Structures are given as C-alpha cells and as structure tokens.
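One structure below.
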Amino acid sequence: MEKHTSSAQWAQHVINQHEIDKYLIDGDDFVNESKINLSLRQNRDPSPSQIHDILEKSLAIHNLSPAETAALLNVTSAEQWDLIFATALAVKRKVYDNRIVFFAPLYASNLCVNNCAYCGFRSANNLEIRRMLTAQEIVSETHAILQEGHKRIVMVVGEHQNTAVDYLCRAIKTAYSVEYKSLKSGCISRIRRVNVNAAPMDIASLKRLKEAGIGTYQVFQETYHHQTYRKVHPANTIKGDYRWRLYAHHRALEAGLEDVAIGALFGLYDWRFEVMGLVYHAIDLERQFRIGPHTISFPRLNPALGSELSINSPWQVSDADFKKLVAVLRLAVPTAGLIITAREKAELKKEVIQVGCTQTDASTRIGVGSYSKNENAESFDSEQFILGDSRNLDELIQEMIQQGNIPSFCTAGYRCGRTGSAIFGMLSKCDEGKFCKLNAVLTFREYLNDFASDSTRILGESILQKEMTAIETMDYFKNKPHLLQKFHHDYSQLAAGKRDVYI
Ligand code: SAM
Ligand code: SF4
C-alpha cells in the first residue's frame, strides 16, 4: 500500500470515484427523494384490507415494495399497529425461529479524521482522549469479552490512517487468536466471528478484510436525506462524500464479502424517510448483486460528549415511533437480521425485541479499552455516546428466556458457506431458521456449561428441554434424519467437553 506522510494527504487518496460511478444509474444514486416523498404522500390512509394484504405478503416472506412500506409507515390506528407488531414477530419467528444472537462491540480506536456533528469521536471534540489499542490491549479486551461468554464481536474504529485496513487486519487476527479457559468447565473458548464496523473502503482493502476472515461488514449511512447528510458531515471530510458511503456495501459484495450490514442513525432526519432509504438500499443491493443486507441496524441518536446535535436534534425519534419503525423494517425486509443495541434502555429494548429483532449486544462497553479495565458505562472520556443498557450477558439471557426466546451464540452460517445468496435463499424459504434452532441449542448448551450463573442455569435447562422437544416434533427434521442424528451426536459431545460444534 502507498505510504502517505500526513493524515490529510492520506485522506485525499481514500475515495476512488470510479468505485462510486460504476454503481450509479444514469449518473444518479438510488435514493430518489422526490420519489420517496411522493410515495409517503400517495400512501396515506391505507385501508384495513390494504394493510391485511401487505401483512400477508410479508408473512409469505416477500420483500415489500416502497409503496407498501410507505402504507405501513402511514398507519394511524392503534389497533392496526398492534396487528403490525404481532405480524412482525410472526415473520421473525418464521424466518429465524425464536433465537436471539448475542455479540459484544470491541472499540479498538477513537482516532478519527471526520467531524460528524453527532459523534463523540469527531476530530473537533477536544474533550475526547484519543487512543488506539495495541495488540496486547486487543488481547486483554478480547479475553475480557470471552470471559463473559461471548463468541462474536464487532470491531469498531473511527476513520484514520493509523487504523485503516492494515491495522484492522492485524487486530482481527489478534482477536481470533485469544483463548479463554472457563473456570466452570475448564473448556477453551475463542471468538468465532469478528464483524467489522468501520469506514467505507475501496475494493482492494475490502478484499483484505475478507482474507482476514471477517463475518459481516457493517456501515451505516446515518441519514439517507442528502441535505441533512451534508449538514452533519462537513464537505472537507472523507465522510462528507455521501455516495462513497452509500456504495460501501456494493464494493464489499464485489470484493467477495457476502454478509453486508446497513443501517441509519435515527434522529438526524424524519424516521419515515430513513426507513424508505433503508428499503431502497436493500432493493439496490438485490438488484445489482442478488444479495440483500445480512442485517439492518437502527441506532438511535444518544447524547454524546460535546455534541449539541446529539441532545437537541429536532428529529429525535420517540420510543413509540422507534417500535413502529423496527416493526416496519421487519416486515419490509423479512430476511434481514435486525440488530437492537445497548443504546436503548432496558425496558424499551425488551419491548422492541418482540417486534422482530434477531441480535443484540450485552455486557457492552464502548470506551476504548474499557472491558479489561472494567470501567463502567459512566466513564465518558473515550466513549462515542452514552449507553442506555449496561446489563451483563447473564442478566440479559435471563430476560430473553423469560420472553420465550432462546439465546444463541451461533456463528455457523459463514463457516458453513451459508452466506450471501446461499443464506438468502434459505432465509426466503424459511429453512435457515431450522438450522438456527439447532445451533442455538448447541451454543446455548455450551454457555450453560461454561459461563452461566446458577439461576441462569436453572432457567436455561428448562428452555433447552422445551427446544429439544420442539425439534423432535418438527416436520422439517422428520424428513432429514441425518440432521437430527448429527445434532444428537454433537449435543452429547458437548457434555464430553468438546466445543465449537455446529450444523
Ligand atoms: N467510524 C465509522 C463510521 O463512521 O462508519 C464506524 C464507527 S462509528 C464509531 C459507528 C456508528 O456509531 C456510526 O455509524 C453511527 O451510526 C453511530 N453513532 C455515532 N454517534 C452516535 C450517537 N451519538 N448516538 C448513537 N449512535 C451514534
Ligand atoms: Fe468518526 Fe465514525 Fe464518529 Fe463520524 S461516526 S466522527 S466517522 S467515528
């Protein structure tokens, strides 16, 4: 890679215009604001029968059109919303069963050349203490995360010459190399999936991330509204280029990274518009690559140190609207995983998970280096924003079980080739959910043996029994006895101390 002497010089070489232009349609990007606004206007006051048909379409695991999404977003009756919420959960159960996958974010660096108005890491924020983790610190952080029982991390960095792709590849390799020996069982745990949330990159860099063995590549557009985007991302920064960001996932798919994750930072502009933007994003990825987003995230603006906008934005989304937008996303893109994070407060998170989320974080620390220092959520100086939910994994697992969900640490998909178009087909046919259930049972069994508190173990044993009985009676497995056989074999191997078995 070309060496640049200064950060400014480096920044000038990050964007490759050709790797934007090739995805445009007649020179335009896929976010046509007049079309979105027209659709939102034209689909006001949808009739109950219209809503019924839309919900049926989603239940049949078909993506909704922008017009159908707009109709749902325009529903005003509380009764209709209750129906939407219930259907959203039903769709989730059909595609992903009742599993909730856990992960932990690992903030590796808060160095950043950008100046996003909402973020504590922005370059103009002098209150932020800057640091990037050394290899030894990545080991300590990963070790502390493993100690909680996690198997999946998302590595997060700001955008900076020192933490670009070379650093990320090294950090990922280091995280995969760490081992933790359970005090309860003596069994060894490792991180099995490192996802990455980092700035948009060119195709050559993305190929290197693939070689480093990442799971999902995650970039949030923040806002799909062009004018708002310009307002909150200064033009003289890399992030100021809307289209470089908009086509980050296109480049990733072209580089062979099959699991890409989109998202919007809700609270910067009208939430209905952002949902439409996410839907158009999913449509364009499918149109150009036949692969939809692996997951969709909907972070909500949280107060950040030294950011006026993060406290005073006129577009803050209420809790009630937040629940609505998650349910509509669930219905509009039924195959996408939905991630709710510890930005949200415990009570709301509990409620919103039940409209179709598939993943959440736990034991979350967002300070750079704060897992191993055991800093609490109140230590501000190297954090990006303030957390809403600082509960640990064990506590959250108890809540999930009480809600009828099975906690999962499954990372089988990308290791068995169930990524990209392969997983996409299985999700659409509702086959993947069956594997989710088997792998949820296997990985939760591991958790119970290696990490669970006594009270979680009691609750956990009962849900495992219930799930095992359900598996025995599922028609899907009756026709596939070899799968059931492997499942039983793997389950018994866990008791014998074997780890990391999956189907
Ligand atoms: N620097 C990379 C980038 O901007 O793509 C990735 C890391 S950034 C730390 C991860 C995400 O945090 C951003 O994409 C944004 O959506 C979110 N974020 C930033 N400020 C936030 C705030 N005040 N509240 C909630 N989420 C925030
Ligand atoms: Fe930097 Fe990302 Fe924060 Fe923007 S959102 S200031 S790019 S870390």
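Order of listing sets the numbers, starting from 1, for every ligand and every atom in it. One is the number of the first residue; the rest follow in order along the sequence. Just so it is clear, the structure is predicted and the values come from calculations on it, not from any experiment.
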Are there over 12 heavy-atom neighbours, none belonging to Lys35, within less than 6.0 Å of that residue's NZ?
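No.
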
Just checking Gln227: does its CD atom have more than 12 heavy atoms from other residues, nucleotides or ligands closer to it than 6.0 angstrom?
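Open: at most 12 neighbouring heavy atoms sit under 6.0 Å from CD of Gln227.
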
Would Val157 count as a contact of ligand 1 if the rule is a heavy atom under 4.0 Å away?
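The answer is yes, since Val157 has a heavy atom less than 4.0 Å from ligand 1.
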
So, does Asn197 sit close enough to ligand 1 that a heavy atom of it is under 4.0 Å from the ligand?
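The answer is yes, since Asn197 has a heavy atom less than 4.0 Å from ligand 1.
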
Would you kindly say whether Glu274 and Thr223 are connected by a side-chain donor-acceptor distance under 3.5 Å?
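Per modelled atom types, Glu274 and Thr223 side chains form a pair under 3.5 Å.
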
Out of [options], whose heavy atom sits nearest [atom]?
| atom | options | answer |
| --- | --- | --- |
| atom 5 (S) of ligand 2 | His233, Arg122, Lys239, His160 | Lys239 |
| atom 23 (N) of ligand 1 | Ile366, Thr341, Asn302 | Asn302 |
| atom 5 (O) of ligand 1 | Lys239, Arg245, Gln221 | Arg245 |
| atom 13 (C) of ligand 1 | Glu222, His233, Arg300 | Glu222 |

Could you list which atoms of ligand 2 come closer than 4.0 Å to a heavy atom of [X]?
| X | answer |
| --- | --- |
| Gly158 | 8 (S) |
| Cys112 | 1 (Fe), 6 (S), 7 (S), 8 (S) |
| Cys116 | 4 (Fe), 5 (S), 6 (S), 7 (S) |

Sole residue of Lys239, Glu159, Arg122 in side chain to side chain donor-acceptor pair (under 3.5 Å) with Asn114:
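That would be Glu159; it is the only one of Lys239, Glu159, Arg122 passing the side chain to side chain donor-acceptor pair (under 3.5 Å) with Asn114.
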
Only heavy atoms of [X], strictly under 4.0 Å: list the atoms of ligand 1 that pass.
| X | value |
| --- | --- |
| Val156 | 7 (C), 9 (C) |
| Ala304 | 23 (N) |
| Arg343 | 12 (O), 17 (C), 25 (C), 26 (N) |

Under the ring pair (Phe, Tyr, Trp, His ring centres under 6.0 Å) test, residues paired with Phe220 that sit two or more places apart:
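Phe220 satisfies ring pair (Phe, Tyr, Trp, His ring centres under 6.0 Å) with no other residue.
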
On the six-membered ring of Trp271, is Arg300 placed so that its NZ or CZ lies under 6.0 angstrom from the centre and within 45° of the ring axis?
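Arg300 over Trp271 ring: no.
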
What pairs with Ser318 under side chain to side chain contact (heavy atoms under 4.5 Å, CB included), at least two apart in sequence or on another chain?
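Side chain to side chain contact (heavy atoms under 4.5 Å, CB included) check on Ser318 returns Ala320, Asp321.
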
Specify side chain, backbone, both or neither for Leu265, according to which of its non-hydrogen atoms lie closer than 4.0 Å to ligand 1.
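The side chain, only.
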
Has Cys119 got an N, O or S atom lying less than 2.8 Å from atom 1 (Fe) of ligand 2?
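Checking Cys119: none of its N, O or S atoms is under 2.8 Å.
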
Which label fits His143 and Tyr180: parallel for a plane angle under 30°, tilted from 30 to 60°, or perpendicular past 60°?
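Geometry flag for Tyr180 against His143: perpendicular rings.
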
Whether His281 and Tyr224 hold their rings parallel, tilted or perpendicular, with breakpoints at 30° and 60°:
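Correct class here is perpendicular.
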
Heteroatom proximity flag, Tyr107 to ligand 1, N/O under 3.5 Å:
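No - when backbone and side-chain N and O of Tyr107 are compared with those of ligand 1, no distance drops under 3.5 Å.
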
Does the pair Tyr118 and His233 meet the rule for a side-chain hydrogen bond (donor to acceptor under 3.5 Å, both in side chains), with working shown?
CA-CA 9 Å; Tyr118 44 82; His233 303 111; 2.7 Å; yes

